[in-house]
Amino acid sequence: MYTRTMQLAPICALVLACFAAPAVAEELQAGTVISKANLDKVRNDTFEGKTIASLLTDKVEMQIRQHNLQLTLARSKPIIVDPRFGELTRKYADKVKFDPATREVSGWVAGLPFPTVSAGDPNAGDKLLWNFYLATQIEGSDVKNLLAQRYIDGKRGLDKVNEMTYYRYYMKGRLDQKDPTVGDGKILSKTMFQFTAPYDVRGLSLLAFHYDGPQVDDSWLYVKSMRRVRRLSGNNLLDAIGGSDILQDDVNLWNARPSWYPRIKLVGKRWILAMAHAKKHVWDKSKKGTPDEFPSQDLKHAPYWNPVNVWEPREVYVIEADAPSEHVYGKKVLYMDTDLNANMIWQSEVYDKKGEFWKHGFFSSVDSTGAVSGVKYRHPSSHNFFDFKAMHGTIAYIYDWTLDSGMKPEDVSIEKLEAGAK
């Protein structure tokens, strides 16, 4: 018998199905802010055709949910690479050799040592990091950066601000001159930090020579109170920069010769959000001591270190690097752009010896041009490093810089280390 109840059953089922149906995913607009308040709502929505869930690493999602990180979406843009970089890659890449036994590279002069890297290559992870280590284009052929290094207590806010000048002179791989090598090719680059403020650190200076070989760096320290230069022994990559959360090994998120790490593995590829075309914020000294002094940082909400910037989709390689036994770290996980000419690492996760998550690094960059050379580069606007065990963070905010300024190799030397610190 066909009853009225039976007649209504299909209609009721249809109504219930409509209520149970998931919301239709939307394509989000540039300028949308992803925060803990709306994350669950927008997780399945898309941006540039990719779901928000797929663009967030586990650690970034954790920071959104638990630590007030907010991401403002921006349309992705191509990264500009100077034509000379490609010219040098084509000229010299065939001369580069990789030794699987030592995991060392020989024959590199300039450009990318490995312009094509196959995912099936068992040494793919090594080669990608050799590309970054030898041919990074984020600092020019030489650079002079003025930095405000901010130290943040995750519960109380900004602790202090150290000002410093950072110099790096590349002895190999230069784009600003016909011959990409200065000297005999044994030194890869020279780096110098000179603290200029406040008074308690003013005059502290550090110099390091990075060799194009497996030997450890030579490094020197000038302490103003002692009025002398001391040569440092051992591997300075494990030293913190000015007592910050950033080790020498963390500069630009990766600063070690790849062969020093006993295992480097390419895990795969994915998409993330990165500060690839960051806003050029200004350090507003007129608002000293207020949350508006550093507009690139959320000083109003705990943990007081979150970057305030725009984030765009980037496809990246995921690379795992096991640290050597003497390192304080156990492992790094790096997110490196799949555009090899861009040659950028956007994020770094640091794990301790027990495999527990410890630190997270964000890198942001802007377009820049060599002052004398006119060569186009990518340049960092900030280097953000957060220690989630100590709940302490350091942001190296680069508020002024000069690339390819006409600097000489002797401008980064022991003599300049001492003279500049007085």
- According to the interplanar angle, ranging from 0 to 90°, do the rings of Trp305 and His67 count as parallel (below 30°), tilted (30 to 60°) or perpendicular (above 60°)? tilted
- Just say parallel, tilted or perpendicular for the rings of Trp260 and His327, cut-offs at 30° and 60°. tilted
Would you say the side chains of [X] and [Y] form a donor-acceptor pair under 3.5 Å?
| X | Y | value |
| --- | --- | --- |
| Tyr351 | Lys359 | no |
| Ser381 | Ser364 | yes |
| Ser373 | Asp404 | yes |
| Gln194 | Thr165 | no |
| Asp292 | Thr290 | no |
| His277 | Glu312 | yes |

State yes or no: are the ring centers of [X] and [Y] separated by less than 6.0 Å?
| X | Y | answer |
| --- | --- | --- |
| Tyr377 | Trp401 | no |
| Trp254 | Tyr133 | no |
| Trp358 | Phe388 | no |
| Tyr335 | Trp346 | no |
| Trp220 | Phe209 | yes |

- Message: Taking Asp249 first and then Lys332, would you say they form a salt bridge - that is, a charged N and a carboxylate O separated by under 4.0 Å?
- Response: yes
- Locate the shortest heavy-atom distance separating His383 from Ile246; write the atom from each residue and the value.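 For His383 versus Ile246, the nearest heavy atoms are CE1-CG2, 4.0 Å.
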- Note on the structure: Heavy atoms of Phe193 and Ile241 approach each other most closely as CZ-CD1, 3.9 Å
- Query: Considering residues, nucleotides and ligands other than Lys172, do more than 12 of their heavy atoms fall under 6.0 Å from its NZ?
  - Reply: yes
- Does the pair Trp311 and Phe362 meet the rule for a ring-ring contact (aromatic ring centres under 6.0 Å, His included), with working shown? CA-CA 11 Å; Trp311 302 70; Phe362 290 121; 5.2 Å; yes
